[in-house]
Asker: 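If you scroll down you'll find the structure; I have some questions about it.
Quick note on labels: first sequence line is chain A, next is B, and so on, each numbered from 1.
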2 protein chains.
Amino acid sequence: MNEQDFLAGYDPRDYPAVAVTVDVVALTIREGALHLLLIRRGAPPYAGQWALPGGFVQPGEDLGAGARRELAEETGLGGERLRRVHLEQLGSYGAPDRDPRMRVVSVAHLAFAPDLPDPVADTDADEAAWLPVTALTSRQLAFDHGAIIADGLERARSKLEYTPLATRFLAPEFTITELRAVYETVWGHPLHAGNFHRKVLSVPGFVESTGASTERGGARGGPRAKLYRAGSARLLHPALLR
Amino acid sequence: MNEQDFLAGYDPRDYPAVAVTVDVVALTIREGALHLLLIRRGAPPYAGQWALPGGFVQPGEDLGAGARRELAEETGLGGERLRRVHLEQLGSYGAPDRDPRMRVVSVAHLAFAPDLPDPVADTDADEAAWLPVTALTSRQLAFDHGAIIADGLERARSKLEYTPLATRFLAPEFTITELRAVYETVWGHPLHAGNFHRKVLSVPGFVESTGASTERGGARGGPRAKLYRAGSARLLHPALLR
DNA sequence: TGAGTTGTTCTCAACTTGAGAGAGTGAGCG
DNA sequence: CGCTCACTCTCTCAAGTTGAGAACAACTCA
């Protein structure tokens with residue numbers, strides 16, 4: 001039986017219940033380390049363990065909108081600052097036994113945000129926090145969220161190669177060195193400063209100059225750095241090499 | 001309200017019904033043109049229009065398994081030939097009004113198959129056929145399937161850059177020229193034969209030699225071509241350039 | 001047998017990358 | 001105040017990759 005037959009001949013509401021949720025792998029960079037937004041679960045299953053922020057898709061709400069709503073609820077973000085966060089669909093996870101209570105298909109999303117304040121505890125009893133990704137082990141994570149996070153991190157690493165999305169981890173104006181720090185943090189290895197500089201400026205539309213420079217030199221000396229903002233390119237040609 | 005609260009305090013079965021389907025963008029190459037498996041709908045909505053093969057996720061069935069089942073049902077494929085088809089998740093489509101009857105979230109998949117026989121009409125009244133992608137206009141396509149197909153084609157084009165999946169459009173043994181024809185068909189422009197040859201052989205693990213050659217030269221002359229099979233690489237480093 | 005096509009290898013210029021060096025700026029310290 | 005050192009940014013050069021074309025042998029068809 002295929003979809004067409006089914007929907008023509010049956011009332012879909014009779015079909016075994018499937019719940020659809022959106023989950024968000026929200027990444028940011030704090031103190032030179034990649035951090036992830038997690039919620040400590042207050043109730044079983046997996047009580048006391050960390051889970052991705054997420055929830056049911058609301059009626060009338062598109063998947064991406066649901067993910068952005070979940071992100072807003074857990075970070076307290078809104079307006080322009082919420083709009084600047086990059087959000088893309090990561091993939092759907094629907095193994096039959098991934099939630100012990102019922103069939104749940106989760107549409108995971110991936111978000112890149114600049115360094116954000118710690119989430120304020122809202123009405124939820126659950127605790128939300130930015131945790132360094134290096135501190136995570138699958139055992140502490142609820143459901144299949146360890147696998148989702150691993151997929152999200154790999155997606156993030158490869159997206160930095162061929163898109164300018166690294167800029168989404170930074171303030172609207174940034175230096176080339178700050179941009180390089182994003183790459184080094186996400187990719188996990190140092191890059192050659194001179195070559196990185198040359199490459200970023202040579203890829204069309206990656207960054208554009210603001211004409212301004214930082215107010216001060218680096219913390220331990222050095223000249224003031226030129227400030228750039230994100231350019232208009234949505235893809236980097238040619239791509240950076242990891 | 002988040003997922004945790006919700007599932008702890010409510011019976012999810014009370015939640016507004018959402019149906020989850022899997023759809024498959026199945027691509028193959030026939031006579032030098034990219035073709036797509038489509039089903040002509042017999043019943044409203046969109047009766048008479050073309051739709052992607054797909055259907056409801058069955059209880060106990062993972063998303064990828066559902067997609068492979070749908071592919072098997074519509075192509076009549078099974079066993080080793082089904083297993084050789086590449087299948088990956090493309091993305092989920094859940095706009096609230098994408099199906100006029102109820103909320104349907106569709107998890108779209110992308111398949112690459114070698115040239116397959118025309119689908120045999122099975123018990124379904126619906127007609128299944130491989131159609132050239134150039135012949136499609138959104139108006140003839142049901143639901144949001146035009147957008148899903150467009151996303152699938154773009155995914156296919158980019159996957160050929162950095163994976164060896166082009167080999168999945170071919171028989172287990174193939175010539176470099178046949179492989180180049182896959183790239184030219186999917187990317188839509190001719191490639192330099194000599195440079196393509198050099199590149200394919202220089203990327204580690206892309207192809208491995210069988211030692212054998214074709215029985216005959218080309219249809220209009222030329223030497224016998226060496227035969228290769230897919231190598232062990234799952235990613236191409238460095239990637240091909242479109 | 002001859003004409004034309006094709007698979008494969010080669011050549012060479014243009015471009016890109018990786019590694020290192022160095023000029024010049026500015027913070028912090030004694 | 002002036003020294004030191006970290007830092008930004010530019011430059012150089014060798015090694016590698018790409019794009020375009022040519023060469024040539026193997027082959028089919030007429």
Side-chain angles (χ1 to χ4, degrees), chain A residues 32 160-162 170 173-184 187 189-229 233 235-242, chain B residues 32 160-162 166-167 170-171 173-185 187 189-229 233 235-242:
Chain A
L160 291 211
E161 293 183 45
Y162 62 93
L170 298 171
E173 299 197 349
F174 51 84
T175 68
I176 302 291
T177 298
E178 288 166 347
L179 185 61
R180 176 163 52 83
V182 172
Y183 275 90
E184 292 176 336
W187 286 352
H189 60 81
L191 298 173
H192 185 290
N195 293 342
F196 182 83
H197 214 100
R198 175 181 62 188
K199 178 69 180 177
V200 168
L201 296 184
S202 75
V203 174
F206 192 175
V207 298
E208 58 187 34
S209 175
T210 65
S213 296
T214 52
E215 290 291 315
R216 295 175 41 84
R220 284 171 295 185
R224 299 176 182 177
K226 294 180 190 166
L227 284 168
Y228 297 84
R229 57 178 155 259
L235 292 173
L236 304 181
H237 273 299
L240 279 74
L241 297 179
R242 251 194 255 196
Chain B
L160 292 212
E161 293 182 44
Y162 62 93
T167 59
L170 299 170
E173 300 198 350
F174 51 83
T175 67
I176 302 291
T177 298
E178 288 166 346
L179 184 61
R180 178 164 50 84
V182 172
Y183 277 90
E184 291 175 335
T185 300
W187 285 353
H189 60 82
L191 297 173
H192 185 291
N195 293 342
F196 182 84
H197 213 99
R198 174 182 62 188
K199 178 69 179 175
V200 168
L201 296 184
S202 75
V203 174
F206 192 176
V207 299
E208 58 187 33
S209 175
T210 65
S213 296
T214 52
E215 291 291 317
R216 296 176 42 81
R220 283 171 298 183
R224 298 175 184 178
K226 294 180 190 167
L227 285 167
Y228 296 84
R229 57 178 154 257
L235 291 174
L236 304 181
H237 273 299
L240 280 75
L241 297 181
R242 246 192 256 196

Asker: Do R229(A) and E208(A) make a side-chain contact, defined as non-hydrogen atoms from C-beta onward lying under 4.5 Å apart?
Answerer: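 A side-chain contact exists here, since the closest heavy-atom pair is under 4.5 Å.
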Asker: Report yes if a side-chain nitrogen or oxygen of R220(A) is closer than 4.0 Å to either non-bridging phosphate oxygen (OP1 or OP2) of dG28(C); otherwise report no.
Answerer: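 Looking at the OP1 and OP2 atoms of dG28(C), neither is under 4.0 Å from any side-chain N or O of R220(A).
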Asker: Are the side chain of E184(B) and the backbone N or O of L191(B) linked by a donor-acceptor pair below 3.5 Å?
Answerer: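 A pair under 3.5 Å: yes.
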Asker: Decide yes or no, distance alone: a donor-acceptor N/O pair under 3.5 angstrom between the base of dG18(C) and the side-chain of R198(A).
Answerer: yes
Asker: Return no unless some side-chain N or O of K199(A) is found under 4.0 Å from OP1 or OP2 of dT17(C).
Answerer: yes
Asker: Under 4.0 Å between a side-chain N or O of R216(A) and OP1 or OP2 of dG28(C)?
Answerer: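 Answer yes for this pair, as a side-chain N or O of R216(A) is under 4.0 Å from OP1 or OP2.
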Asker: What's the CG-P distance between L236(B) and dT17(D), to the nearest Å?
Answerer: 14 Å
Asker: Would you mind telling me which residue lines up with the more 5' stretch of DNA chain D, R224(B) or P238(B), judged by nearest nucleotide?
Answerer: P238(B)
Asker: In whole angstroms, how far is the P atom of dT8(D) from the CG atom of L191(A)?
Answerer: 14 Å
Asker: Is any side-chain heavy atom of Y228(A) closer than 4.5 Å to a side-chain heavy atom of L179(A)?
Answerer: no
Asker: Round to the nearest Å and state the distance from L227(B) atom CG to dT8(C) atom C1'.
Answerer: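 It is 14 Å, rounded to the nearest whole Å.
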Asker: Counting side-chain heavy atoms from C-beta on, which of dT9(C), dA25(D), dT10(D) comes nearest to H197(B)?
Answerer: dT9(C)
Asker: Rounding to a whole Å, what distance do you find between F196(A):CZ and dT10(D):P?
Answerer: 14 Å
Asker: Evaluate T167(B) against F206(B) for side-chain contact (heavy atoms from CB on, under 4.5 Å), listing each step before the verdict.
Answerer: CA-CA 9 Å; T167(B) 59; F206(B) 192 176; 4.3 Å; yes
Asker: Rounded to the Å, how far apart are H189(A) NE2 and dA19(C) P?
Answerer: 11 Å
Asker: Starting at atom CD of E215(A), determine the distance to atom C1' of dA27(C), rounded to an integer number of angstrom.
Answerer: 15 Å
Asker: Separation of K226(B) atom NZ from dA26(D) atom C1', in whole Å?
Answerer: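 My rounded result for the distance is 13 Å.
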Asker: Ignoring backbone atoms, test whether H192(A) places a side-chain nitrogen or oxygen under 4.0 Å from the OP1 or OP2 oxygen of dA19(C).
Answerer: no
Asker: Taking C-beta and beyond as the side chain, do L240(B) and L160(B) meet within less than 4.5 Å on heavy atoms?
Answerer: no
Asker: Let me know the distance between CG of L240(B) and C1' of dG19(D), rounded to the nearest Å.
Answerer: 14 Å
Asker: Take S202(A) and L201(B), find for each the nucleotide of DNA chain C with the closest heavy atom, and name the residue whose nucleotide sits nearer the 5' end.
Answerer: L201(B)
Asker: Looking only at the side chain of L241(B) (C-beta and beyond, no hydrogens), which of the listed nucleotides dC7(D), dA25(D), dT18(D) gets closest?
Answerer: dT18(D)
Asker: Using the closest heavy atom to pick a nucleotide of DNA chain D for each, name whichever of N195(A) or T175(A) lands nearer the 5' end.
Answerer: T175(A)
Asker: Counting any heavy atom closer than 4.0 Å, what does G217(B) reach on the DNA or RNA strands: base, sugar-phosphate only, or nothing?
Answerer: sugar-phosphate
Asker: Base, sugar-phosphate, or nothing for A193(A), non-hydrogen atoms under 4.0 angstrom?
Answerer: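 A193(A): no heavy atom of the nucleic acid under 4.0 Å.
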